[in-house]
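Single-structure report; data block below.
Sequence lines set the chain letters: A, B, ... in the order given, protein chains first and strands last, and positions in each chain run from 1. Every value quoted in this text rests on a predicted model; they were computed, and no experiment measured them.
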There are 2 protein chains.
Amino acid sequence: MKFPTPGQPVRGSASGQPIMALLDLLGRNWSMGIIWHLNSGPNTFRGIQAYCESISPTTLNKRLKELTTAGFIQRTVDGYSLTHQGKELYEHIYPLGHWARKWAENFKNN
Amino acid sequence: MKFPTPGQPVRGSASGQPIMALLDLLGRNWSMGIIWHLNSGPNTFRGIQAYCESISPTTLNKRLKELTTAGFIQRTVDGYSLTHQGKELYEHIYPLGHWARKWAENFKNN
DNA sequence: AGCTTTGCTACATAAAATGTAGCGAATGAA
DNA sequence: TTCATTCGCTACATTTTATGTAGCAAAGCT
């Protein structure tokens with residue numbers, strides 16, 4: 001599998017900084033959505049697929065592998081779940097949730 | 001242009017929550033990288049293009065339009081720059097920068 | 001033993017990104 | 001005022017990524 005080793009990003013993202021490798025990974029379709037969802041508890045392949053309404057099994061499988069390789073999620077008997085690192089990452093994505101509502105409101109009023 | 005109205009996501013993302021519309025937008029190639037970069041000050045089309053090494057002018061143009069429509073960036077005489085909202089958004093992306101370094105370290109040691 | 005659900009793979013189609021070329025407008029030097 | 005650069009794009013062909021549908025093997029009911 002071709003996963004971006006931090007510090008050696010795949011698509012030639014700027015300066016090769018870790019942040020760019022992370023943004024590259026998170027900037028793929030559904031990456032953040034999956035992490036967001038898994039924070040509410042372990043879930044199955046089909047469960048995640050149902051949550052991310054229009055994701056295809058092909059892509060879901062790919063994303064799950066990438067996120068696993070990156071150390072954000074893992075597979076247990078319960079299905080897929082966030083690792084310790086995954087939870088830490090979620091903590092940093094979480095504030096966007098609140099803020100997104102404000103943003104959406106502003107957006108409507110323009 | 002087809003931009004995801006918050007609450008009415010484009011690609012059928014889950015539950016139609018604002019967060020999902022936001023994640024969908026930010027989850028496009030280079031979206032966060034552009035915001036990250038613009039935080040260091042206004043910049044030109046070619047400047048952003050140089051920073052995001054492998055972005056094509058086609059995609060850059062598209063992202064800039066989307067981010068402008070979403071209210072995160074604007075065009076002034078200085079080129080493109082973050083709006084107030086864009087700066088707020090950056091504040092929420094920023095913590096990822098520190099954390100990304102830790103993550104990259106962990107990753108190496110596995 | 002049958003029936004359903006689950007986690008995936010195969011494969012064809014559609015959408016998104018890249019890469020290269022180049023145009024018209026603005027900028028700067030001679 | 002000319003000439004060469006640079007700049008912000010656009011066009012368009014190619015490649016990459018995602019979708020959509022079908023279906024299979026394994027596991028779990030009943």
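Distance B:N29 CG to D:dA18 P: 9 Å, rounded to the nearest Å. If you take CG of A:L60 and P of D:dT19, they are 10 Å apart, rounded to a whole angstrom. Taking atom CZ of residue B:F45 and atom P of nucleotide C:dA26, one finds them 17 Å apart after rounding to whole Å. In this entry the distance linking CD1 of A:I73 with P of C:dG7 reads 13 Å, nearest Å. Going from atom CG of A:N43 over to atom P of C:dT6 covers 10 Å, rounded to whole Å. Here D:dT16 presents its P atom at 11 Å from NZ of A:K62, a figure rounded to the nearest Å. If you measure from atom CH2 of B:W30 to atom C1' of C:dA16, you get 15 Å, rounded to the nearest angstrom. Taking atom CZ of A:R46 as the reference point, atom C1' of C:dT9 lies 12 Å away to the nearest angstrom.
Among the nucleotides C:dT18, C:dT9, D:dA18, the one closest to the side chain of A:R28 is D:dA18. The listed nucleotides are D:dT10, C:dT18, D:dG20; the one nearest the side chain of B:S56 is C:dT18.
Listed pair B:N61 / D:dT10 meets the phosphate criterion, a side-chain N or O lying under 4.0 Å from OP1 or OP2. Taking side-chain N and O atoms only, B:T59 has no distance below 4.0 Å to OP1 or OP2 of C:dA17. Between A:R75 and C:dC8 there is a side-chain polar atom (N or O) within less than 4.0 angstrom of OP1 or OP2. For the OP1/OP2 pair of C:dT18 and a distance below 4.0 Å, the side-chain nitrogens and oxygens of B:R63 include no atom meeting the criterion. For A:Y80, no side-chain nitrogen or oxygen approaches OP1 or OP2 of C:dT6 to under 4.0 Å.
Between A:E66 and A:R63 there is a salt bridge, since a side-chain N of the basic residue sits under 4.0 Å from a carboxylate O of the acidic one.
Ring planes of A:W36 and A:Y90: tilted class, angle from 30 to 60°.
Nearest heavy-atom pair across A:L96 and B:L89 is CD2-CD1, 3.6 Å. Across B:R101 and A:P18, no two heavy atoms sit closer than the pair CG-CG, 3.9 Å.
In this structure, B:T44 reaches the sugar-phosphate backbone alone: every heavy-atom distance under 4.0 Å involves primed, P, OP1 or OP2 atoms, never a base.
With hydrogens and angles ignored, a donor-acceptor pair under 3.5 angstrom links the side chain of B:T58 to the base of C:dG19.
Under 3.5 Å, the side chains of A:H84 and A:E88 contain a donor-acceptor pair of N or O atoms.
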